[in-house]
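Take this structure, written in structure tokens, and hold onto it; I'll ask about it next.
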Amino acid sequence: WTDANGGLRRLVSGEPAAYGAGLSNTMRARALFSDHAGSLWIGTAAGGIMHVHQGRTDRFARPDGLSGDSIQNFFEDHEENVWVATERGLDRFRDLPVVTFSKREGLSEDSADSVYAAKNGGVWIGTANGLNLIHNGNVRVFDKRAGLLSNGVSFLFEDTAGTLWVDSMSGLAAGGIGG
């Protein structure tokens, strides 16, 4: 691999070949790294990171949460975390997907006011528009019609007996909610 004046290049059958990956000629590669899965990490001098994996290229820069846009180096630890050294700090990439739950996935409201991991493996989410339970990938919504004092749920707690305590705009209630 090399970053010549013509952009990023690699040897293919002994000949240099251009490797685009969304890297413009003005975005100079400063650090290259191949991780445990064979993904290519391209650290640029001022444009953040290009991550080439599974046939696609993702770009990460300061607006995406990266500490800096000038990449100094990469390192992969024994837990397969990729560490990125920038001019402004150190960032860690983990191979854990972000899973989003919102109204689109069935919650009663996009904004969550409280969250609690239940002993049975489910997750309770309190919103301004009801109490939600995510369990085994399914979402159930509980509101006043299901016995809540109010649809606005601000705090959740499960005691040692497994009783769910729900604090709402209308007061504190316990148990009696399916799970």
- Mind checking side chain to side chain donor-acceptor pair (under 3.5 Å) for Asp91 and listing every partner two or more places apart, or none if nothing turns up?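 Asp91: side chain to side chain donor-acceptor pair (under 3.5 Å) contacts with Ser67.
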
- Message: Checking side-chain polar atoms at under 3.5 Å, does Asp35 have a donor or acceptor matched by the opposite partner on His53?
- Response: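 Their side chains do not contain a donor-acceptor pair, so the 3.5 Å distance test is not met.
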
- Could you tell me which residues satisfy salt bridge (Lys or Arg N to Asp or Glu O under 4.0 Å) with Asp110, sequence neighbours excluded, listed by chain and number? none

- Could you grab the distance from atom CZ of Phe74 to atom CZ of Arg30, nearest 0.5 Å is fine? 11.0 Å

- Message: I need the minimum non-hydrogen distance between Gly48 and Ile71, along with the two atoms involved.
- Response: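 Minimum heavy-atom separation between Gly48 and Ile71: O-CG1, 3.3 Å.
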
- Message: I'd like to know if the side chain of His135 reaches the main chain of Asn120, judged simply by a donor and an acceptor atom lying under 3.5 Å from each other, with no hydrogens or angles considered.
- Response: yes

- Query: So which residues get pulled into Trp83's cluster when ILVMFWY side chains under 4.5 Å apart are joined, directly or through others?
  - Reply: Phe75, Leu90

- Query: So, Glu158 side chain and Lys119 main chain: donor-acceptor pair closer than 3.5 Å or not?
  - Reply: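 Such a contact is found between Glu158 side chain and Lys119 backbone.
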
- Item | Pairing of Arg56 and Asp58 as salt bridge, 4.0 angstrom limit |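 Between Asp58 and Arg56 there is a salt bridge, with a charged N closer than 4.0 Å to a carboxylate O.
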
- Query: About how many Å separate CG of Asp69 and OG1 of Thr44, when rounded to the nearest 0.5 Å?
  - Reply: 6.5 Å

- Item | Where Gly47 and Ala61 come nearest, the two heavy atoms and their spacing |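 Closest pair (atom of Gly47, atom of Ala61, distance): O-CB, 4.4 Å.
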
- Heavy-atom check, side chain of Leu164 versus side chain of Trp124, under 4.5 Å: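 With C-beta onward as the side chain, the pair touches.
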
- Task: Would you mind reporting whether Ile49 and Leu66 have side-chain heavy atoms less than 4.5 Å apart?
- Result: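 Leu66 vs Ile49: side chains touch.
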
- Task: Without swapping roles, check the side chain of Asp143 against the backbone of Asn151 for a donor-acceptor pair under 3.5 Å.
- Result: no

- Side chain of Asp77, backbone of Glu79: donor and acceptor closer than 3.5 Å?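 Side chain of Asp77 to backbone of Glu79, a donor-acceptor pair under 3.5 Å: yes, one is there.
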
- Query: Shortest non-hydrogen contact from Val166 to Leu156?
  - Reply: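 Looks like CG2-CD2, 3.9 Å.
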
- Nearest heavy atoms of Thr127 and Ser108, plus distance in Å: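 In terms of heavy atoms, the two residues are closest at OG1-OG, 3.1 Å.
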
- State the CG-CZ distance between Asn81 and Phe93, to the nearest 0.5 angstrom. 11.5 Å

- Output the distance between atom CD1 (Ile125) and atom CZ (Phe101), rounded to the nearest 0.5 Å. 7.5 Å

- Query: According to a 4.5 Å side-chain heavy-atom criterion applied to Ile, Leu, Val, Met, Phe, Trp and Tyr, with indirect links allowed, do Val52 and Trp41 form part of one hydrophobic cluster?
  - Reply: no

- Message: Can you tell me how far apart NE2 (His51) and OG1 (Thr57) are? Round to the nearest 0.5 Å.
- Response: 9.5 Å

- Item | Heavy-atom pair with the smallest gap, counting every atom of Ser150 and Ser170 | CB-OG, 3.4 Å

- Item | Donor-acceptor under 3.5 Å (Glu109 side chain, Leu107 main chain) |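 No: the side chain of Glu109 does not pair with the backbone of Leu107.
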
- Task: Tell me whether the centres of the aromatic rings in Trp165 and Phe155 are closer together than 6.0 Å.
- Result: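 No, ring centres 6.0 Å or more apart.
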
- Task: Give a yes or no on whether Lys144 atom NZ has more than 12 heavy-atom contacts from other residues, nucleotides or ligands under 6.0 Å away.
- Result: no

- Which heavy-atom pair separates Glu80 from Glu76 by the least distance, and what is that distance?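 Glu80 and Glu76 have their closest heavy atoms at CA-OE2, 3.6 Å.
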
